[in-house]
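Just below is one structure, and these are the notes that go with it.
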Amino acid sequence: MTITSPHLGSPSSAWTDARLLYALEEVVEQELNRHLKVAKDWMPHEYVPWSDARNFPGLFEDGEAWDKQQSKVTELGRIALVVNLLTEDNLPSYHHEIASLFGRDGAWGTWVHRWTAEEGRHGIVMRDYLLASRAVDPDKLEQFRMAHMAEGFESDNRHSMLHSVAYVAFQELATRVSHRNTGHQSGDPVCDRMLARIATDENLHMVFYRNLLKAAFDLAPDQTMEAVRDVIVNFRMPGHGMPGFERAAAQMAIGEVYNMRIHHDDVIQPVLRFLKVLEIDGLGPEGLKAQEELGLYMSGLDAEASKFDEKLAARKARMAARAAG
């Protein structure tokens, strides 16, 4: 099937951020109304095992120091939970970034504030769960939070509204997948239910931005194609600057919470397929070049993911042989 994207009588270069924000306002309002109809309010405190909680040392004489054995959560689950929570902790910076790009007025502003409020619940419930269930060392968690937030956050895509919309369309899905897989690997049904609830929100956020990206392709296909190419080729999760991120990411990759294969199959490909990005026709020279480069990059990513799959399978085989022997 071939998709034709009209230029609507406007050359690609004429689409400034300001013009695109104005042109997409109606779509934002439609998507906001759709989101509000399907999104369900939920109470963070209902997902936390408060009966497991007890005092930590400090002001309380009966405070009990944290110990790894107190938690039901697996080691992999603990690592991934810390990464996921520290990512959510930078919400003030994320709000500043999108409010600066999208504005605080009209449908854009209403969405920015609604999104921020919904994301705020994720950090609340995750931290409450981690502390009540004693899943992680509370002192280290707070030290990591301070170090991560003190570094600040600047989006790789803050220079362009289109790049930012493209990025969050993929990043929201990446976050959903990471939370869901963390729940599966956590070893605690309570944790799994909590992260499933968060993942539902993240999926709705992805749908909002994905549909907005579709509208952008209709308006400015060449510029949007270039933005999607740039975002996918240079993609980084927002938590990349946190303490120990590289080591944690490697452990999450081996543990199949988030790795190249998951990134290719469960994050990038679903959005590209839904929007039929690699089938769009009627592009100008720059858009066509970006589309071709994106196709080549995806082939390379798939090949790299296959190499990773082979290494992971070999590692599992070695571990199984060691356990049997």
Side-chain angles (χ1 to χ4, degrees), residues 66-91 93-94 122-123 126-127 129-131 133-156 167 170-171 173-188 191-192 195 198-199 202 233-268 301 304-320 322-323:
W66 180 81
D67 185 272
K68 190 181 291 189
Q69 304 306 315
Q70 295 165 350
S71 172
K72 302 169 188 169
V73 174
T74 62
E75 182 64 22
L76 175 60
R78 195 174 1 262
I79 291 163
L81 279 162
V82 170
V83 170
N84 291 355
L85 176 56
L86 291 181
T87 300
E88 300 284 358
D89 274 333
N90 250 340
L91 182 61
S93 291
Y94 307 150
H122 302 168
M126 288 179 71
R127 175 166 279 98
Y129 167 81
L130 291 177
L131 296 179
S133 68
R134 292 187 167 237
V136 300
D137 183 334
D139 292 347
K140 283 188 178 176
L141 183 65
E142 179 60 10
Q143 290 160 7
F144 283 170
R145 186 191 71 84
M146 285 295 294
H148 185 41
M149 292 193 70
E151 282 291 312
F153 174 81
E154 286 191 359
S155 168
D156 295 334
Y167 176 74
F170 295 100
Q171 185 268 324
L173 184 51
T175 304
R176 173 202 176 275
V177 168
S178 181
H179 282 313
R180 202 69 198 90
N181 289 343
T182 298
H184 292 327
Q185 301 280 6
S186 68
D188 181 8
C191 181
D192 194 24
L195 291 174
I198 292 174
E202 302 290 10
V233 169
N234 300 301
F235 188 88
R236 296 196 296 175
M237 289 295 275
H240 59 81
M242 69 180 61
F245 179 77
E246 289 77 11
R247 185 167 184 268
Q251 291 168 302
M252 289 167 69
I254 292 168
E256 297 179 271
V257 171
Y258 200 95
N259 56 37
M260 264 194 287
R261 175 53 64 200
I262 293 168
H263 182 65
H264 177 277
D265 290 2
D266 300 340
V267 176
I268 304 299
L301 181 62
E304 287 297 312
S306 294
K307 290 178 186 175
F308 177 83
D309 291 343
E310 291 170 8
K311 289 179 181 177
L312 191 59
R315 183 180 186 276
K316 287 179 179 177
R318 285 196 305 272
M319 292 181 71
R322 205 174 298 151

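The chain is numbered in sequence order, starting from 1.
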Which value, rounded to the nearest 0.5 Å, describes the distance between Thr175 atom OG1 and Glu88 atom CD? 7.0 Å
dist Asn259:CG -> Lys311:NZ (nearest 0.5 Å) comes out at 12.5 Å
Here the gap from Asn181 atom CG to Tyr258 atom OH, rounded to the nearest 0.5 Å, amounts to 10.0 Å
Within this structure, what is the CZ-CE distance for the pair Phe144 and Met149, rounded to the nearest 0.5 Å? 16.0 Å
Verify whether one side chain among Asn90 and His148 offers a donor that lies under 3.5 Å from an acceptor in the other. yes
Side chains of Ser186 and Asp192: is there a donor and an acceptor less than 3.5 Å apart? no
Quiz question: by atom type and distance under 3.5 Å, do the side chains of Tyr129 and Asp188 form a donor-acceptor pair? yes
For Arg78 and Ser71, run side chain to side chain contact (heavy atoms under 4.5 Å, CB included): C-alpha distance rounded to whole Å, both residues' side-chain angles, the deciding distance at 0.1 Å, then the answer. CA-CA 9 Å; Arg78 195 174 1 262; Ser71 172; 3.8 Å; yes
Do His264 and Glu304 have a side chain donor and acceptor closer than 3.5 Å? no
Is there a donor-acceptor contact under 3.5 Å from the side chain of Thr87 to the main chain of Val83? yes
Which atom names give the shortest non-hydrogen contact between Val136 and Leu141, and what distance separates them? CG2-CD2, 3.9 Å
If you look at every heavy atom in Phe308 and Met260, which pair is closest and at what distance? CB-CE, 4.1 Å
Is it true that Lys307 and Glu310 make a salt bridge, defined as a side-chain N closer than 4.0 Å to a carboxylate O? no
Apply the test side chain to side chain contact (heavy atoms under 4.5 Å, CB included) to residues Lys316 and Met319: give CA-CA distance (whole Å), side-chain angles for both, the deciding distance (0.1 Å), then the verdict. CA-CA 5 Å; Lys316 287 179 179 177; Met319 292 181 71; 5.8 Å; no
So His263 and Phe235, would you call those rings parallel, tilted or perpendicular, with 30° and 60° as cut-offs? tilted
For Thr74 and Gln185 the tightest heavy-atom approach is OG1-O, 2.7 Å
Counting heavy atoms not belonging to Glu151, are there more than 12 under 6.0 Å from its CD? no
Heavy-atom donor-acceptor pair, Arg261 side chain to Asp309 backbone, under 3.5 Å: no
Assess whether side chain to side chain contact (heavy atoms under 4.5 Å, CB included) is satisfied between Phe170 and Ile268, documenting all intermediate values. CA-CA 6 Å; Phe170 295 100; Ile268 304 299; 3.7 Å; yes
Atom pair CD/CD1 of Gln251 and Ile79 - distance to nearest 0.5 Å: 3.5 Å
Check ion pair Glu202-Arg180 (N to O, under 4.0 angstrom): no
Separation between OG1 of Thr182 and CE of Met126, rounded to the nearest 0.5 Å: 7.5 Å
Quick one: do Asp89 and Arg145 make a salt bridge, cutoff under 4.0 Å? no
What pair of heavy atoms forms the shortest contact from Val257 to Ala80, and how long is it? CG1-CB, 4.3 Å
Determine, step by step, whether Lys68 and Trp66 satisfy the side chain to side chain contact (heavy atoms under 4.5 Å, CB included) criterion, reporting the C-alpha distance in whole Å, the side-chain angles of both residues, the deciding distance to 0.1 Å, and the verdict. CA-CA 7 Å; Lys68 190 181 291 189; Trp66 180 81; 3.9 Å; yes
Nearest heavy-atom contact between Ala174 and Val267 is CA-CG2, 3.7 Å
Are any of the side-chain nitrogens in Arg134 or Asp67 under 4.0 Å away from the carboxylate oxygens of its partner? no
Taking all non-hydrogen atoms of both residues into account, name the closest pair between Ser178 and Asn84 and its distance. OG-OD1, 3.2 Å
